[in-house]
Amino acid sequence: MTSGTSGTSKTERYTPSAIEPKWQAQWASTGLHDTPDESDRPNFYFLTAFPYPSGDVHVGHWYAYAPADCAARFIRMRGRNVLFPMGFDAFGINAENAAIDRNMHPAAWTEQNMAQMRDQFVRMGAMIDWRREVITCYPEYYRWNQWMFLKFLEKGLAYRATAPVNWCPRDETVLANEQVINGRCERCETLVVKKDLTQWFYKITDYADELLRFDGLDWPERVRVMQQNWIGRSEGAEIQFPVEGQRDAAVRFFTTRPDTIYGATFMVLAPEHPLVATITTPAQKVAVEAYVANAKNESEIDRTSAERPKTGVETGAFAMNVFSGQRIPIWIADYVLATYGTGAIMAVPAHDERDFAFAKQYGLPIKEVISADAGAGAPGSEATEHGPLESAFTGDGIMVRSGPYNGTRSDVGKRTIAAEAKKTGIGKPSVTYRLRDWLVSRQRYWGTPIPVVYCDADGIVPVPESQLPVVLPRDAQFTGRGGSPLAKLPSFVDTTCPTCGKPAKRETDTMDTFVDSSWYMYRYLDTKIDTHFMNVDVGKRWLPVDRYTIGIEHAILHLLYCRFVCKALRDLGYLWFDEPIRHLRNQGTIVFKGRKMSKSRGNVQAPDEYVARYGADTVRLFVMFMGPWTEGNDWDAAGIEGTARFLHRVWTLGLSAPSGGGARDAELDRAVQRTIKKVTEDLEGYHFNTAVAAMMELSTAAFHASGPSRDAAIDALVLLLAPFAPHITEELWQRRGGQGSVHRQTWPAFDPAVARDVAVTIVAQVNGKVRDRLELAAGLSEDALKQAALASPKVAQAIAGLRVERVIVVADRLVNVVTTS
RNA sequence: GGGCGAGUGGCGAAGUCGGUAGACGCGGCAGCCCUAGGAGCUGUUGCUCGUAAGAGCGUGAGGGUUCGAGUCCCUCCUCGCCCACCA
């Protein structure tokens, strides 16, 4: 650093480009950001989501990481040994597609991007402990994906099955349900189609009930609700009705309304239901096959659209509603989904909107069996007939036209009917979830190879642990067309069976990248250990994660998978806690001109020009000052001058000569205390924007003051600002004679005694309208306040000629004189 | 259609155990300073009327509760997110 001043009285200019790289280099060389696993301070694990190495640290990253870094620094200054690691979620289809576009190897593309982003993180001034960097595309990491897969397989938590799955025709791979957004591929927004394929699944549904519980977790309500909706637990019964004339055939269905079973006047199967082929009568065969073929060709979006008219075809077969004794027709219709429940329903048109619409469409009978009228269906009486229903009644009520159950309340009837079904052996109470098992296999190259071998003699053979990792070969061809590049690589595919030693074929699918990120928080603790996925001794010092910050867009996908993997590893005996993350907060999404930023739209905004012009500290401060962090915002750099000016002022203050004595300024002393309180509380609550505003106010107050109180205010400001703007505060701390790094200092304490106001503004109202403002001493009695208000000429004028009915006094705040008209 | 959240100046936003609406910042206006910088400083800036003092009106719309409502209750509108033919 050159000494910029040359004898003149002019203050040296604030030049971020000079001080920021200097401190970044110094922090790196002194290991300021290296966190020991053990120290004299309590450990605190502050995790923030690692990025995809997509190329550039853009404004979305700044919006996520600058505030997270600030919050982590704050906790460190409050006396904790804070672990704040970073890494890269380095596998994934993006790298593969980008590599195809540029004729580059995905590994090279990824390495290049990681190098660039690492550098940008350093220039942001983030307190990252780079010794602990986790990179998921390295064999040292992904071998543990494979190890976990084998453990899951052993336990029955991983399995291979043929199922109708989501297929993205553009990316040429299957997708998990969680990766299909409005019927489109999460990555490329192509319409997803259903295909029957044999794939690998993780049994997340085993944990559905436990995943619904958030006991003891400090998670946003919003995320909990989203996960609960996604899991979609429904209680009801599974019951079967026999198919007429077919000895062993029965249609098994799930219903949440067993109480309406007497109103089931027809049944509906999904077009893909296995019974369709066997029960369809010869007369209906052609129509049914045409309908099934048509359903197969429809997009998922069309099929699941609630708006379009219901369609369906009779199978010609009939079932027996064993409760009502009625013979009811069996239809097929695409509004019944093969993947939910049993893929078949009993249709109760009087009490279900969809069944109602379908019955209207095809003239099927509608039988009311629930009455909203509490007096209806008294035992022995039949419901009175009334005109045709205009819509389904889906509420609870009293069972009518339901044989022995007439007069029963629906909530009771639900249980009674389910119990009766169980007694007669045709059903049982049952719970169904919307959540499907996690489809983890992908037909892509850039991912973790699934460690199994297919042998003609031994079938599916897991690769023995001792042979891990199954290394992803480098020499694959990327065409982007026609299946996984691994499948075309004989050197990879052809192997020998670990059991019998005869020639066998390797699995060529790779794992979903969400598998990689589902456990990365354990790997940061020791990235080198090669005997286990985690260093347990170190883990005991840090886990579970104390705090996690991540974008709200991950509320379901990643955050649900993390919880599942944690619970599965716990049940395998590898983890000792039930939940991986104690405290979660989500930043909102940053958009540009109202639209989400994405590479495919080409509207990704990079703040580099602002970093170059104003410095990282200004950009950090600006993204925090923009608005409430949890709400997100529209990116508009127009206001960045404001935060730049603020730092210029802080700089000027920081370099100004000490007062050398004089009287204290009680008001400024109070302002300092109030600011400490405000910034502390705001950082605890992630209110970065108002914390910055408070510091701006203090800087203005200090600017106009003098004497020792001003010196103290500047000292406090440097400390309070340190987590927000680490470079300028480090420089000022040093120049003002501070010892060590400002980032190793203790957060200033708040003294309520000093903060207390001595004078307050009392608002004098008449009938709720402000008529005067009185500057009075704090703590006056109610009577004194009342007298002071009544003595105000403005108040007197307002109440002239009126009778004072009463006077309301709020201590230190207001007096309201209420008059009669 | 269901659930959750939100509507406040020209703009980003503060304020929600009911008690001074618009903190802080951008932008605007007026001025100061300096041989001039992409610098700094001061004042002003919700709307309407008024030269002014001042008055009236103002937090999506409409009702309600209250001495007092941006804040609580009811009805409605708009936007965002999540789920959505899930039986």
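Bear in mind that the values here come from a model prediction, so they are computed numbers and not experimental data. Just so it is clear: chains get the letters A, B, ... in the order the sequence lines come, proteins before strands, and each one is counted from 1.
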Sugar-phosphate, base or nothing in reach of A:Arg434, heavy atoms under 4.0 Å: base

Gap between atoms CG and C1', on A:Asn586 and B:C81 respectively (whole Å): 12 Å

hbond_proxy A:Asn816 side chain to B:C67 base (donor-acceptor, 3.5 Å cutoff): yes

A:Thr589-A:Tyr63 side chain donor-acceptor pair, cut-off 3.5 Å: no

Contact under 4.0 Å: A:Arg13 side-chain N or O vs B:G38 OP1/OP2: no

B:A87 OP1/OP2 closer than 4.0 Å to side-chain N/O of A:His351: no

Sugar-phosphate only, base, or nothing, as touched by A:Arg222 at under 4.0 Å among non-hydrogen atoms: sugar-phosphate

Length of the line joining A:Phe393:CZ and B:A87:C1', which is rounded to integer Å: 17 Å

Would you give me the side-chain donor-acceptor pairs under 3.5 Å for residues 631-647 of chain A, sequence neighbours excluded?
unit_1   : atom_1 : unit_2   : atom_2 : d
A:Asn633 : ND2    : A:Met626 : O      : 3.3
A:Asp634 : OD1    : A:Lys593 : N      : 2.7
A:Asp634 : OD2    : A:Gly594 : N      : 2.8
A:Asp636 : OD1    : A:Ala638 : N      : 3.1
A:Glu641 : OE2    : A:Tyr614 : OH     : 2.9
A:Thr643 : OG1    : A:Ile640 : O      : 2.9

Aromatic centroids of A:Phe253 and A:Phe241 separated by under 6.0 Å: yes

Touch class at under 4.0 angstrom, heavy-atom based, for A:Val336 against every strand present: base

Any side-chain donor near an acceptor of the partner, A:Arg563 and A:Gln227, under 3.5 Å: yes

Ion pair A:Glu775/A:Arg773, N-O distance below 4.0 Å: no

Interface residues of residues 672-693 of chain A with RNA chain B (non-hydrogen, below 4.0 angstrom): A:Asn689, A:Thr690, A:Ala693

Chi-angle category of B:G9 [syn within 90° of 0, anti beyond]: syn

Whole-Å distance separating the CZ atom of A:Phe646 from the P atom of B:C24: 13 Å

Touch class at under 4.0 angstrom, heavy-atom based, for A:Thr589 against every strand present: nothing

Stretch residues 252-264 of chain A: residues that reach within less than 4.0 Å of RNA chain B through a heavy atom: A:Phe254, A:Thr255, A:Thr256

Nearest-Å distance for atom pair OH/P, residues A:Tyr335 and B:G1: 20 Å

Short side-chain donor-acceptor distance under 3.5 Å, A:Tyr262 and A:Asn321: no

Below 4.0 Å: OP1/OP2 of B:C4 and any side-chain N or O of A:Arg224: no

Whole-Å gap separating P (B:C67) and CZ (A:Arg806): 5 Å

Atom-to-atom span, CG of A:Asn229 to C1' of B:A84 - whole angstrom: 10 Å

Euclidean distance, atom CD of residue A:Glu221 to atom P of B:G5 [Å, nearest integer]: 8 Å

Sugar-phosphate, base or nothing in reach of A:Gln765, heavy atoms under 4.0 Å: base

A:Val770 side chain, from C-beta outward: closest of B:G27, B:A13, B:A21: B:A21

Presence of salt bridge, A:Lys677 and A:Glu681, under 4.0 angstrom: yes

Among B:C67, B:C82, B:G12, the one nearest A:Ile556 by side-chain distance: B:C82

Sugar-phosphate, base or nothing in reach of A:Asp634, heavy atoms under 4.0 Å: nothing

Touch class at under 4.0 angstrom, heavy-atom based, for A:Arg771 against every strand present: sugar-phosphate

Carboxylate-amine/guanidinium contact A:Asp608 A:Arg613, below 4.0 Å: no

Atom pair distance, as rounded to whole Å: CZ in A:Phe241 and P in B:A87: 18 Å

A:Lys786 side chain near B:C67 phosphate (N/O to OP1/OP2, under 4.0 Å): no

A:Phe358 and A:Tyr335 aromatic centres sub-6.0 Å: yes

